[in-house]
Structure formats: structure tokens, C-alpha cells
A.B. asks: 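There's a structure below that I have some questions on.
Computed from a prediction, not measured in an experiment: that's the story for all the values here. Heavy atoms only: backbone and side chains are in, while hydrogens, waters and symmetry mates are out. Positions are given from 1 along the sequence.
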Amino acid sequence: MPQRKGNLMSVRDDVKVVDATIRDGGLCNNFAFSDEFVTELYKTNIRSGVDYMEFGYRASKNMFDPKEHGKWKFCDEADIRAIVGENISDLKIAVMADVGRCDYKTDFIPKSESVIDMVRVACYIHQIPAAVDMIEHFHSLGYETTCNIMAISTANTEQVDDALTQLCESSVDVIYLVDSYGSLFPENAGELAAKYSAFAEKAGKKVGFHAHNNQNLAFANTIETLSYGFSYLDATAMGMGRGAGNCATELLLGFLKNPKYNLYSHLVFLENYMIPLRESGVTWGFDLQYMFTGQLNCHPRPAMAFTTEGRNDYSEFYKSLLDNV
């Protein structure tokens with residue numbers, strides 16, 4: 001079993017901070033970020049030493065109407081280039097492709113022609129074979145790849161082992177543990193991290209973690225997986241993300257000891273852009289309804305509806321969740 005790596009005073013040069021604000025945060029405002037917001041976040045990530053910036057999804061325009069969503073639902077090459085140009089920086093550009101929700105064989109050009117560096121393939125555990133097919137396609141085009149296995153807290157041990165075996169035999173670069181429902185505690189996040197790391201080390205793969213904050217544990221779970229050798233760590237500005245949100249970038253940058261990370265630049269962005277965004281009425285973050293779905297290990301969809309409807313009958317909502325567990 002893998003041992004903990006590093007300590008609270010050491011620098012791990014393998015660590016990569018992945019900013020997912022536009023992608024996961026886009027689920028809070030239908031990806032309706034202004035070009036100014038995205039441009040300033042891009043510049044801030046460069047100044048802050050962030051390693052990757054995920055611009056959004058490359059979703060199918062046959063399945064999703066571009067008129068009904070902001071452009072970062074689709075991440076057209078021209079739209080990304082309008083923000084980053086040729087991206088003359090150390091920051092790498094990522095997009096996410098969901099199994100079954102993208103036209104990956106037609107909508108991606110070779111890496112040599114694209115400003116995108118990494119494609120993150122998201123799937124549920126029963127979709128691993130389809131995810132591997134996508135990974136091999138993106139690998140053939142020259143992209144870095146990850147596989148983000150969502151809702152891992154609902155999978156059994158045999159399913160997890162089989163999924164990791166298949167991914168370790170693929171061309172994927174990074175295998176992600178994703179706490180979609182925010183139901184993990186540091187103890188079982190650490191157990192899963194040790195398992196992922198054991199598989200990945202034998203196959204020469206990297207491992208990453210994407211947290212949700214339903215039980216106020218996104219940051220705690222992130223640094224717990226980090227201690228077991230996880231090196232790709234997702235975070236978002238002020239924790240902005242679907243429902244209860246994610247690990248806050250400011251917490252992670254403040255924790256990591258590598259001098260390349262600069263918290264001050266990130267804080268300036270929070271003051272100038274994130275606080276006004278929240279004050280404009282865009283909502284995310286911990287609340288009781290998300291705590292309930294995290295504790296019950298279920299999708300936050302009902303809690304999101306509860307939030308949208310402006311309800312505060314928490315006890316009745318909790319009772320309704322119990323009736324459907």
C-alpha cells in the first residue's frame with residue numbers, strides 16, 4: 001500500500017493545480033461568463049502559478065443548443081484563442097469532454113493545430129469502455145488526457161478495481177478520483193487514494209482529485225489525497241462550482257509550500273470579480289440542503305432545485321430525501 005508522500009513543510013514538485021472555475025462554476029450560471037471575466041481569470045492563473053486552466057466543456061452542439069448556453073459549454077477553438085492568443089505562458093489549457101455528450105470524433109482537431117493541451121474525459125464507472133475509446137482518440141491527436149470517474153462513492157470495490165485496471169492499460173495520463181456527491185470523508189478518501197495510487201504507480205500514471213464541498217470537506221479531502229501521492233488537484237475560485245462547490249483555490253494556494261504559487265494575485269481577482277459575481281445573484285457553496293445529499297450519498301439535483309426555488313423548509317426537504325434513499 002502506498003505510503004504518505006512529503007509533509008506539511010515540504011514542496012512536491014509533481015503537484016499541479018488545475019483551475020476548474022469556468023467549467024464547474026459554469027454549471028452555476030449556465031456558462032455565462034463575460035470575456036473580461038475569463039480573460040482576467042486567465043491572467044490571474046498565470047500570475048498565481050496555476051498549472052492548468054479548464055475553460056469548460058466541449059459539448060455536442062447537436063445535443064445542446066448554443067443559443068441556450070454560454071459559449072464555455074462548447075469551448076470553440078476560436079473562443080479560447082480570443083482569450084489566450086497562442087498562450088505564450090507556462091499555463092496549460094484544458095477542456096472537458098463528457099462520455100455520451102460530445103462529438104469527439106468530429107469536434108477536436110489535432111493538438112498541433114489547437115491551443116488546447118489537455119482533454120479531460122468525464123464518465124461514470126459503467127462508461128469506462130467508452131471513455132477508453134475517447135482517450136485513445138485524443139491520445140492519437142496528441143493531447144494530454146485524464147479520465148475523471150464521477151460519483152465514485154456509489155461504486156463497489158470490484159467495479160473500482162476493474163475500472164482502474166482498464167484505465168491503467170490505456171493511454172491515459174491522469175486518473176481522477178471524483179467525489180461528485182461530496183460524500184467522502186478524509187478517511188475513505190485516503191483509502192481510495194491509496195488504491196488509485198497503487199494501480200497508477202505500477203502503470204506509470206498520475207492521479208488527481210476533484211472534490212465537492214457538501215460536507216465542508218473539499219479542502220480536507222484534497223490535501224488527504226495529496227498526501228497519498230495525488231498530484232493533479234482541482235480547485236475553483238471561492239469554491240465556485242455546481243451545488244456546494246469545490247475545493248477553493250485560495251485554500252489550496254495558501255496551503256502549498258511551493259514558492260511558484262502566488263496567493264496575492266488570486267485574492268485580487270476574488271475582490272474584483274468573484275465577489276461582484278456572487279453579489280449579482282449567482283449562487284453556490286455549502287448549505288444545509290447540500291449537506292443532506294452529501295450525507296445520504298446521492299446526487300445534489302434535488303438540493304439544487306431546493307435552492308432555485310428559494311425554499312428554507314430544511315426539515316421537510318430532509319424527510320423527502322429519506323423517503324427516496
Side-chain angles (χ1 to χ4, degrees), residues 14-27 31 33 37-39 41-46 48-59 70-99 101-102 104 107-123 131 134-150 167 171-178 205-211 222 230-237 240-242 246-247 249 252-253 261 266:
D14 60 309
V15 169
K16 309 293 183 186
V17 174
V18 181
D19 168 54
T21 305
I22 303 301
R23 202 274 306 166
D24 211 323
L27 297 168
F31 305 92
F33 296 101
F37 182 100
V38 178
T39 299
L41 179 58
Y42 168 70
K43 293 177 179 177
T44 296
N45 281 331
I46 294 172
S48 299
V50 168
D51 300 281
Y52 288 81
M53 178 174 173
E54 187 178 43
F55 270 70
Y57 289 95
R58 178 65 63 86
K71 59 188 173 184
W72 306 111
K73 175 83 169 179
F74 307 99
C75 284
D76 288 345
E77 187 78 21
D79 289 331
I80 299 177
R81 286 186 179 274
I83 304 296
V84 309
E86 292 296 321
N87 186 31
I88 309 300
S89 76
D90 292 331
L91 178 70
K92 291 188 175 183
I93 304 301
V95 298
M96 180 165 279
D98 267 350
V99 168
R101 296 185 177 187
C102 64
Y104 67 97
D107 285 355
F108 283 84
I109 58 179
K111 167 65 190 93
S112 59
E113 303 169 24
S114 174
V115 75
I116 296 168
D117 299 287
M118 172 184 279
V119 182
R120 296 177 9 128
V121 177
C123 69
M134 291 173 63
I135 288 161
E136 298 304 335
H137 179 72
F138 294 134
H139 180 75
S140 72
L141 293 177
Y143 293 100
E144 297 176 39
T145 55
T146 78
C147 185
N148 295 38
I149 312 174
M150 300 182 289
L167 289 173
S171 299
V172 76
D173 297 296
V174 188
I175 303 171
Y176 258 85
L177 168 61
V178 182
K205 309 293 186 186
K206 299 292 186 181
V207 275
F209 185 63
H210 180 89
T222 297
F230 276 44
S231 49
Y232 284 70
L233 307 175
D234 284 15
T236 60
M240 184 185 186
R242 185 204 65 194
N246 309 109
C247 176
T249 305
L252 191 56
L253 294 183
Y261 296 121
H266 179 77

A.B. asks: Given side chains that start at C-beta, do those of Met134 and Cys123 come closer than 4.5 Å, heavy atoms only?
C.D. replies: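 In short, these two side chains do not touch, never coming nearer than 4.5 Å.
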
A.B. asks: Side-chain contact, heavy-atom cut-off 4.5 Å: Tyr57 with Leu27?
C.D. replies: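 Result yes, sub-4.5 Å side-chain heavy-atom pair found.
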
A.B. asks: Please check if atom NZ in Lys43 has more than 12 non-hydrogen atoms from other residues, nucleotides or ligands closer than 6.0 Å.
C.D. replies: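 No, not enclosed.
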
A.B. asks: Rounded to the nearest 0.5 Å, what separation is found between the CG atom of Leu167 and the CG atom of Asp173?
C.D. replies: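 Spacing of CG (Leu167) from CG (Asp173) equals 11.5 Å.
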
A.B. asks: So how far is it from Ile93 CD1 to Tyr42 OH, rounded to the nearest 0.5 Å?
C.D. replies: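 It is 5.5 Å, given to the nearest 0.5 Å.
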
A.B. asks: Is atom CZ of Arg101 surrounded by more than 12 heavy atoms (other residues, nucleotides or ligands) closer than 6.0 Å?
C.D. replies: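 It does not: Arg101 CZ has 12 such atoms or fewer within range.
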
A.B. asks: Show the nearest heavy-atom pair for residues Arg120 and Val18, with the distance to one decimal.
C.D. replies: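 For Arg120 versus Val18, the nearest heavy atoms are NH1-CG1, 3.7 Å.
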
A.B. asks: Using side-chain heavy atoms (C-beta onward) and a distance below 4.5 Å, is Lys92 in contact with Met118?
C.D. replies: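 They are not in side-chain contact.
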
A.B. asks: Could you report the tightest heavy-atom contact between Thr222 and Ala211, atom names first, then the distance?
C.D. replies: OG1-CB, 3.8 Å

A.B. asks: Is the closest side-chain heavy-atom distance between Arg242 and Asp24 below 4.5 Å?
C.D. replies: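 Arg242 reaches Asp24 side chain to side chain.
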
A.B. asks: How many angstroms lie between CZ in Phe55 and OG1 in Thr21, if you round to the nearest 0.5 Å?
C.D. replies: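 Those atoms lie 11.0 Å apart.
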
A.B. asks: Verify, without hydrogens or angle tests, whether Asp19 (side chain) and Thr236 (backbone) share a donor-acceptor contact under 3.5 angstrom.
C.D. replies: no

A.B. asks: Can you check whether Ile135's main-chain N or O pairs, donor with acceptor, with Thr145's side chain at less than 3.5 Å?
C.D. replies: no

A.B. asks: In Å and rounded to the nearest 0.5 Å, what is the CD1 to CE distance from Ile22 to Met53?
C.D. replies: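 One finds 5.0 Å between CD1 of Ile22 and CE of Met53.
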
A.B. asks: Of all the heavy-atom pairs spanning Asn246 and Met240, show the shortest one and how long it is.
C.D. replies: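 Heavy atoms only, the tightest pair is OD1-O, 3.2 Å.
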
A.B. asks: Kindly determine whether Val178 and Ile149 satisfy side chain to side chain contact (heavy atoms under 4.5 Å, CB included), including the steps that lead there.
C.D. replies: CA-CA 6 Å; Val178 182; Ile149 312 174; 5.6 Å; no

A.B. asks: Which pair of non-hydrogen atoms, one from Leu233 and one from Phe230, has the smallest distance, and what is that distance?
C.D. replies: CD2-O, 4.3 Å

A.B. asks: Taking all non-hydrogen atoms of both residues, which atom of Ala237 and which atom of Thr249 are closest, and how far apart?
C.D. replies: N-OG1, 3.4 Å

A.B. asks: Evaluate the side chain to side chain donor-acceptor pair (under 3.5 Å) criterion for residues Asp117 and Tyr52: first the C-alpha distance (whole Å), next the side-chain angles of each, then the deciding distance (0.1 Å), finally the verdict.
C.D. replies: CA-CA 9 Å; Asp117 299 287; Tyr52 288 81; over 6 Å; no

A.B. asks: When rounded to the nearest 0.5 angstrom, what distance separates CD1 in Ile80 from OG in Ser114?
C.D. replies: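 Reported to 0.5 Å precision, the distance equals 6.5 Å.
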
A.B. asks: Measure from NZ or CZ of Arg58 to the centre of the six-membered ring of Phe108 and say whether it is under 6.0 Å with the direction within 45° of the ring axis.
C.D. replies: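 Checked: cation-pi criterion met.
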
A.B. asks: Count the heavy atoms of every other residue, nucleotide or ligand shown that sit under 6.0 Å from NZ of Lys206, and state whether that count exceeds 12.
C.D. replies: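 Open.
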
A.B. asks: Looking only at heavy atoms, which two atoms of Tyr143 and Ile116 are closest? And how far apart?
C.D. replies: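 Heavy-atom minimum between the residues: CE2-O, 3.4 Å.
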
A.B. asks: Whether the side chain of Lys205 engages the backbone of Val172 through a donor-acceptor N/O pair (distance < 3.5 Å, no angle test) should be reported.
C.D. replies: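 Yes.
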
A.B. asks: So do the side chains of Tyr104 and Val121 get within less than 4.5 Å of each other, counting heavy atoms only?
C.D. replies: no

A.B. asks: Within 45° of the axis and under 6.0 Å from the centre of the six-membered ring of Tyr232, does NZ or CZ of Lys16 qualify?
C.D. replies: no

A.B. asks: What's the separation between atom CD in Glu144 and atom NE2 in His139, rounded to the nearest 0.5 Å?
C.D. replies: 11.5 Å

